[in-house]
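Order of listing sets the numbers, starting from 1, for every ligand and every atom in it. The figures here come from the full heavy-atom set of this structure, side chains too, leaving out hydrogens, waters and symmetry mates.
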Amino acid sequence: MALPLLLTNAVICIPTPSSPRVLEGHALLIDRGIIARIAPQHEFEGIAAERIDLSSRIVLPGFINLHTHLYSTFARGLSGVVPSTSFTEVLERLWWRLDRALTLDACYHSALPVLLEAIRSGTTTIVDHHASPRAIRGSLDAVAKAVEETGIRACLCYEVSDRDGGQAAREGIEENAAFLAARGDASSPLLKGLCGLHASFTLSDRTLHEAVEAGRQAGAGFHIHVAESAIDQEKTRAQSGLSVVERLSRFGVLGDRTIAAHGVHLGDAEMELQASTGTIVAHNPQSNMNNAVGIADLARMKAHKVLVGLGTDAMTNDMREELRAGIWAQRLKQQDPSTGFNELVHALWNVNPLAVSRLWGVPIGDVSEGSSADLVAVAYAPATPMTDASLLGHLVFGLGSACVDTTIVGGRVLMHGGRLLLDLDEQEMAAKAREAAKDVWKRFVSLS
Ligand SMILES: [Zn+2]
């Protein structure tokens with residue numbers, strides 16, 4: 001059996017917003033993928049363990065990205081996109097053309113480089129929302145293959161929608177069901193699934209009903225875009241007479257293992273419904289600003305006790321960047337320079353761990369004994385005193401550009417000293433991704 005792993009000489013940081021702590025002179029023992037013990041370093045003298053010296057580094061829980069789209073990697077540098085004047089045009093001219101151009105091969109090759117970027121940024125868990133309407137069957141396995149090759153933790157789903165016709169909607173439901181059935185065992189402990197749905201405004205009653213049934217039978221929660229743009233509310237109300245969240249509630253989509261991305265255009269009653277069902281909102285501030293759809297009102301959601309976590313919607317893989325952008329966005333929205341900080345650190349270090357702990361059924365995202373050993377070490381020499389009281393300020397204002405040195409997922413060291421410890425040729429992988437992207441871009445043009 002492998003020896004336990006002992007992380008020594010680091011400053012261990014526990015960024016839990018209600019009681020942040022800085023532990024100096026401590027070491028952290030990892031055994032069978034779990035944080036077995038955190039104690040003063042001298043207490044570990046003489047124990048049989050592999051040791052990693054993390055001098056001049058701080059140890060933090062691995063970052064969690066609660067909403068992203070790995071396939072959108074292939075939008076980087078994509079030219080020939082006619083400028084959009086609305087969110088609907090952003091979808092029609094870019095995303096719904098790009099995802100239609102994906103093959104199974106492209107699903108795999110678009111995921112792999114971005115997963116490595118995540119590891120390099122200290123992101124240890126990704127909650128992905130996948131779409132490839134002309135290559136649906138097997139697409140989640142293609143993404144899962146990339147996930148398994150990198151050793152990262154990921155929760156996958158296929159976004160069911162009627163936007164590509166009834167046949168694609170049925171196949172999307174089947175793809176979720178097949179993936180959930182195949183991955184429902186313990187053979188891939190780092191992989192989980194949700195039942196994916198695109199958004200209320202692209203889902204007919206029939207499709208929504210069938211997808212919810214499939215999710216229920218698999219015992220899974222849902223992952224869906226909710227009120228990202230005003231168009232979701234307008235179309236849903238025109239078709240059903242209900243608000244987006246009311247409609248989703250009636251169909252049984254809400255719940256404590258459901259992730260509702262965005263929530264930019266929500267009424268008070270909708271926030272109440274989300275709070276009362278334990279539904280978790282994934283806030284994606286950079287994406288919302290990029291698409292000019294508005295900025296979610298975190299102050300109002302807080303007043304309604306809605307659980308708000310943080311995702312990137314594929315704008316970045318670095319949660320530090322998203323955290324900071326989210327704070328600035330709230331300040332601008334509320335016209336208040338002292339708001340946003342607490343809401344965003346709460347999202348990243350309270351709600352994201354809660355969300356993925358619910359999905360995996362074990363504690364994740366915390367530096368505490370018994371938690372999964374998903375950890376990062378960052379090279380950081382504080383220029384001001386770093387204490388329990390100042391830790392969160394350091395993490396927001398000082399850590400942004402610090403180098404991630406070590407990334408550990410489920411006790412496995414995926415990167416150390418800034419070097420990936422994976423059986424992958426990064427250059428070759430990137431070259432193959434570029435080839436696949438070239439083909440996707442050709443099909444993208446022909447779909448216009
Ligand atoms: Zn999204």
Sidechain-backbone polar pair: Asn284 side chain, Ala282 backbone, donor-acceptor under 3.5 Å: yes
The Zn ion (ligand 1) to nearest N/O/S of His129 less than 2.8 Å: no
Spatial distance of atom OG (Ser401) from atom CD (Glu321) [nearest 0.5 Å]: 11.5 Å
Spacing of NE2 belonging to His262 relative to CG belonging to Asp232, to within rounding of 0.5 Å: 10.0 Å
The Zn ion (ligand 1) contact by His67, N, O or S atom under 2.8 Å: yes
His225: its N/O/S atom lying closest to the Zn ion (ligand 1) (atom name): NE2
Of the N, O or S atoms in Asp313, the one nearest the Zn ion (ligand 1): OD1
Asp423 atom CG, over 12 foreign heavy atoms within 6.0 Å: no
